[in-house]
Amino acid sequence: MSEYNSNNHSSNSNNSNNDKNNDGQRPSVVPVAIQPPSPPLSPPAAAKNNPEEIQILDSPKVDTTSGPQPSSVLVQKDSIDVHIPIEFRTLSMQLSEEYQTSVNRSRGSLTGGSSARHRSYKKHSKSGSKSGYSDDEEEEDYDEDDNSLNSKRGRRGGFYKAISTWMSWKYWVSWFFMFGKSREDPRKIRASIQDEFARLDHHRVDPKELFERYGSDPTVGLSQSQVAENMSRDGLNQLSPTPSHLLSRTLYYIFGGLGALVWFGVIVAWIAWKPLGDPPDPINMALAIVLLLVIAIQTAFNMWQEWTTSKVMNSLNDILPTECIVVRDNGQEQSILASNLVVGDIVKLKTGSQVPADLRLVGDVSRDLSFDRSALTGEAEVIYGTVNATSTNYLETRNIALMGTFVANGSATGIVVSTGDRVVMRRIAEVSMARGEEKTLLQREINRFVAMLAALALSLAAMSIIVWAAWLRPTYPGFLSPSAAMVNIIAILVGVLPNGVPICVALTLSMMAKRMQSQMVLVKSLNTVEALGSVNVICCDKTGTITKSDMYVQNIAAIDKIYNSQEAADEFSRGSNIMIQLLHQTVALCNNASFDAAPSGDGVPVSERKIIGDATDSALLRFAEELSPVNGVTRQYKKMYEIPFNSRNKWMMAIFTKDDQSQAQSDDNGQQATTGSNSPLMVVKGGSDVLLSRCKDIIDSSGNIVHLDENVVSKLREIETNWSTDGQRVLMVCRKQLDPKVFNSSLIEDPARIEALSNYNNNDLTIVGLVSITVPPRPEIPEVVEKCNGAGIRLMMVTGDHMLTAVAIARQCRIITHSDVEVLEDVYSRANREGDKDSNELSPDTVGARMLALQGRKARRIDSQQTVKAHNSDGNLETSLSPENSHQQSPPSYTVSPPYYHNDSDLADVERSSVKEEKQISNLPPHIILASLVLTGSNIASLANVHWDIICRYQEVVFCRTTPEQKLCIVNELRERDYIVAALGDGINDAPALKAAHVGVAMGGGSEAAKEAAGMILLDNNFSSLLVGIENGRLAFDNLKKVILYLIPAGSFSELLPILINIFLGVPLPLSAFFMIVICVLTDVACSVTLISEKPESDILKRPPRDAKKDRLVNFKFIAHCYFFLGMIEFICAHAMYFFYMYHYHGIPMSKLLLAFDKWTDGFMGYTKDQLDDFWYTGQSIYFVTLVVCQFGNLLATRTRRVSIFHQNPLFGPSKNLRLFIGIAVSLGIAVIIVYVPFINNIFHTRPVPAMFWFIPLGFAFGILILDELRKLAVRTKPNSIIAKAAW
């Protein structure tokens, strides 16, 4: 949201640095001649002989941001959802060069370049072939490693290179784990679009010719019939969906990842059947078939999950329609969906709007027009716009506005030249998609975990073969046959690998994204869901974020009287108050908002009419319209020149000429001002602290012009202070009559001169009045801030508003809760006390020095009421300047006295209260400074790293009077100190910070630039929805840990140990490979999926945020709990049931089973081999049933980390999750089928289980639940105990 108040005064941002003084101001003399800057790009030949035109075309670029840029940005447009990598900057430069080469080839000549690349192109182009290469030579190859073009050594070199690649082990490892992830080579795509760019001439032809070409008119636009014709020919302005690559992805799901190991198991099982089987055992063939079914099930599930995820992400196109302003049907401005644009449409661009298609700029181009192309290039450097071409290169010329970019500043009119798949962004997206997709951080962590288990499985499999061949085979030749040894390998591979984990990870993230969407929180990538759980700092804008987007004028003031909006309307209706009439006229003219012409406003109340424009201009327009229709004013004037508001200037200026010849007088010597004059009129509005130094007079309530003096300035500051302390935004409205001999109609044809004269005359203004705009806080904010504090998340307000307004709003929202507020001087003092010799040394007054000496670690505090009264023209508190800032101009001095502690007991009270307050905020890290800090944008430039180290540790921080660059700086400084930052905003000025933050959050009603830069959008414009996102982010991480915690004890640990006991202790294998497969793929997965639906625990927002570097998804504590607590319990219980069955039913004690090895044959304990095998198969079935039932206790215990099941009841209440019992029923049903169906009994050697062995494990399950409840109780009541420290 645009904010008008600032203490940073700067001139028009597109002016040359040579035309500025050191402080950013224009020189106070009229420039006689305008010296053009050196053009960064080659202008067209027509402009070379016109220096002034060169200056206009080649405005210098300004680096608007600093700091690290994100690796990629999500570009979502209509039905496409792609990440544009930051490397596109290099790509776009190369495309530009290749495009230039193609242009030269099409012209029949090539201007040789200095680089080898250009010389090589020149050599190849001599052949005259269309592609630019000779028939005998190979095309050049682009090496992405060093971003250079390297020639191949011919077909032979390429062939040998391919052979060496295929023989590389890295190639095959990559193929197994990444098959299906590759995309089309970007080099081929670049080659295909070179000639396409060369044929484009939209930027070179005259605008009149362009209008004739598309049958459009600059003032009338297209008719409905033309729109329909163009729409039927070109289709909707939408990008085609991305190719699904269905075949390659299906092959990846079949053969890639863990599928490769399962295929290895299939091969081993088949070999164990034949030829190693003697005789062939049908169970081995059946085992191979089961493994194939496992692959089929996993492939189908993965494809279904991917389809549902893509469906959720593609729904963005319906939820976030992009609108634009077009001129159609006899010159009517209309707001339409960008998808309905057609070639030839006339589009109006304003600050913050998204470019809806590729446009050629044709008129009404403001001098500060600039575009943010970071969505395409990844760089924050703005590109200035012009009407005429600045380069023959379509990608580099400045008179083309590319789809997907944003208007950073200024306004313009353009004609649509390309729509749909013909726009440049589509071609960029094709190259980006060719680079493939990047896995999320969490997915990579899961993959590392699974890879570790895979390595363990392969190692154990190799060890089992070695032990069998070196020891068991020669020592106990009848114990394990070769086919049985191979089956053991399968059992190890299946037992160690948690096959359900990768599925559950992807399913959890996509389900969380869908759940958040149903709660009006839209996430644009799964990375956002991951990062939300770790956020510990929120940097939020004020206007439209903390406060409501709707603004209303509450008061206006002359020097001697204040009116509320209703009183102003009454005075205006009487027609006698000249000051209010002048204010109405000035506000109506100095305004870039307009009522939407699409729905007629006739008969609709002003408060309900739709307004196109930012909130501040909308509030002023609505106020002026309620006084009198603004059309009555605007149709009398014609705009000559305008500098729109931007976040750097913090003011807007426009010059108008009046069409009629009505006369009026304006006397500076006390005579009355009037609303009419035939002289050109300059109107200006902005922050009072910015404009006051430019003003000379003020109009009182009677219409008399009063000269500004110290007394008048004091009254103005008093009014401003009173309004600001109530949280109102204050604007100053000014005007000035200009010399008609200088500002005549011929000046319009000389943009450079009118700019210079306008800046020169932007002083000696007459103040018409002050306007206060009510920006009410959102009602949910105080509660949200309190919950954020409880969750260990600090909320920092970053705004461009006046300090007093910002502090007042922060107190209303409880962002500032401390009675005293610290300022920049306290930061310096803390740095000095912490022993940094390089920090700025201050000279605090004696009272402050005494207080610092007494208070020790506590910093001096400035009373909040004194803070309100102690401000200067920059909106800063008056403090001693550090040496590095001593060269700056000192503002007017206002005295600030610190609170004085009369004795040591007073200080002790303060210390005790601080300690008490610190105990109440237990979720904040111990290094956080429990104090409130207020800084201005002007303070940021003077800060060193040691100061930022301190600032980032404050509990409550308000940054006011900030620019977009400073907002970005704040986010980057927090990131550099390892804070996980979420940035909230809704305006174009917030976009850089949103893009740089770990999680950028935009309001649904905000600007297109903010929504494009953000990774998450609050569709209902409700700040509390951010807590929903954070809660779901934490819940996603918790539920993933629960899923893995549930899968590993039975699906990994309790399956692996029986194999090791079988190999090393000779016990008949307690669990067959078939049962292991059933547990890993069927029974456990059925229950684990239900954990994804778990509701958040009651304390999820009462815990500190997750430390992304330390609190890993799988760490030592987690592994210990899985294996040595739950896993060991289930292992002991299952083996106890196995040994109990053997002894109770058949009299075979455990001592006889140990070291049995090859004794398990005819005659063992008086039984035949068939009888022993039948006992063995039943024991395996009992072991299987015991694990399945024990997992029910694990399921109920694992669903909470610290909260008791009695507080997180799964049956009823807010934590109800009946899916758990559905999962239990499904798992139990699978187990019954496996052990009781005769067909399965005969094929896989399963056996019916006696009834008592179904009920005894229920006691084990209950015992697991009781033990875990005792563990959670110890964690809650004894937070410093060993059990609590070892808790997962």
Side-chain angles (χ1 to χ4, degrees), residues 1 3 65-70 380 528 531-532 534-547 647 777-778 781 784-785 787-789 791-801 806-807 809-810 813-816 924 928-929 932-937 939-940 943 948-1003 1006 1009-1011 1013-1018 1023 1025-1027 1029-1030 1033 1105:
M1 184 61 59
E3 303 193 16
T65 59
S66 60
Q69 297 295 321
T528 302
L532 278 170
S534 304
V535 168
N536 49 29
V537 175
I538 299 175
C539 293
C540 61
D541 182 35
K542 181 183 73 67
T543 306
T545 304
I546 292 178
T547 60
S647 55
R778 297 180 183 271
I781 296 299
V784 172
V785 174
K787 289 184 178 180
C788 286
N789 291 334
I793 301 172
R794 292 179 293 146
L795 199 150
M796 300 181 179
M797 190 168 79
V798 186
T799 178
D801 258 349
V807 172
I809 294 294
C813 299
R814 297 190 59 79
I815 295 174
I816 290 182
L924 289 177
I928 297 299
I929 302 171
S932 301
L933 176 67
V934 178
L935 294 176
T936 64
N939 299 149
I940 292 178
L943 298 174
W948 279 111
D949 292 340
I950 295 173
I951 291 170
C952 293
R953 288 162 44 201
Y954 272 86
Q955 177 194 356
E956 300 168 349
V957 185
V958 172
F959 295 95
C960 50
R961 308 310 246 166
T962 56
T963 63
E965 294 82 3
Q966 292 164 346
K967 291 182 180 182
L968 177 63
C969 175
I970 293 167
V971 170
N972 286 332
E973 292 292 345
L974 287 165
R975 290 195 59 157
E976 287 180 5
R977 286 152 185 83
D978 294 330
Y979 294 101
I980 307 300
V981 184
L984 251 75
D986 67 338
I988 179 70
N989 56 330
D990 301 316
L994 297 184
K995 194 177 299 182
H998 293 92
V999 180
V1001 184
M1003 308 301 282
K1011 288 188 283 189
M1016 187 173 84
I1017 301 172
L1018 308 182
F1023 193 98
S1025 297
L1026 177 60
L1027 282 180
I1030 292 175

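Since this is a predicted model, take the numbers as computed values, not measurements.
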Looking at every non-hydrogen atom in both residues, tell me the closest pair between [X] and [Y] and how far apart they are.
X: Ala983; Y: Ala997; value: CB-CB, 3.6 Å
X: Cys813; Y: Val785; value: O-CG2, 3.4 Å
X: Ser534; Y: Pro1105; value: O-CB, 3.9 Å
X: Gly1000; Y: Ala1014; value: O-CB, 3.2 Å
X: Ala1002; Y: Leu994; value: CB-CD1, 4.4 Å
X: Ala810; Y: Met797; value: CB-CE, 3.9 Å

Under 3.5 Å donor-acceptor, [X] side chain and [Y] backbone:
X: Asn939; Y: Thr936; value: yes
X: Asp541; Y: Leu984; value: no
X: Glu973; Y: Trp948; value: no

Got a second to check how far [X]'s [atom1] is from [Y]'s [atom2], nearest 0.5 Å?
X: Ile980; Y: Arg975; atom1: CD1; atom2: CZ; answer: 7.5 Å
X: Cys952; Y: Ile928; atom1: SG; atom2: CD1; answer: 9.0 Å
X: Thr545; Y: Leu1018; atom1: OG1; atom2: CG; answer: 9.0 Å
X: Arg953; Y: Ile950; atom1: CZ; atom2: CD1; answer: 6.0 Å
X: Thr528; Y: Met1016; atom1: OG1; atom2: CE; answer: 8.0 Å
X: Cys539; Y: Tyr979; atom1: SG; atom2: OH; answer: 11.5 Å

Could you walk me through whether Ile815 and Ile546 satisfy the side chain to side chain contact (heavy atoms under 4.5 Å, CB included) test, starting with their C-alpha distance in whole Å, then the side-chain angles of each, then the deciding distance to 0.1 Å, before giving a yes or no? CA-CA 10 Å; Ile815 295 174; Ile546 292 178; 3.3 Å; yes

Taking side chain as C-beta onward, heavy atoms only, is [X] less than 4.5 Å from [Y]?
X: Leu1027; Y: Cys788; answer: yes
X: Val934; Y: Ile816; answer: yes
X: Phe959; Y: Ile951; answer: yes
X: Ile809; Y: Thr799; answer: no

Arg814 atom CZ, over 12 foreign heavy atoms within 6.0 Å: no

Would you please test Met796 and Leu974 for side chain to side chain contact (heavy atoms under 4.5 Å, CB included) and show each step? CA-CA 11 Å; Met796 300 181 179; Leu974 287 165; 4.1 Å; yes

Option among Asp990, Asp801, Asp986 that satisfies the salt bridge (Lys or Arg N to Asp or Glu O under 4.0 Å) test with Lys542: Asp801

Report the C-alpha separation of Val1001 and Ile538 in whole Å, then their side-chain angles, then the decisive distance to 0.1 Å, and conclude whether the side chain to side chain contact (heavy atoms under 4.5 Å, CB included) test is met. CA-CA 10 Å; Val1001 184; Ile538 299 175; over 6 Å; no

Worked check of side chain to side chain contact (heavy atoms under 4.5 Å, CB included) between Leu795 and Phe1023: CA-CA 12 Å; Leu795 199 150; Phe1023 193 98; 3.7 Å; yes

Tell me, please, which residues at least two apart from Thr547 pass side chain to side chain donor-acceptor pair (under 3.5 Å). none

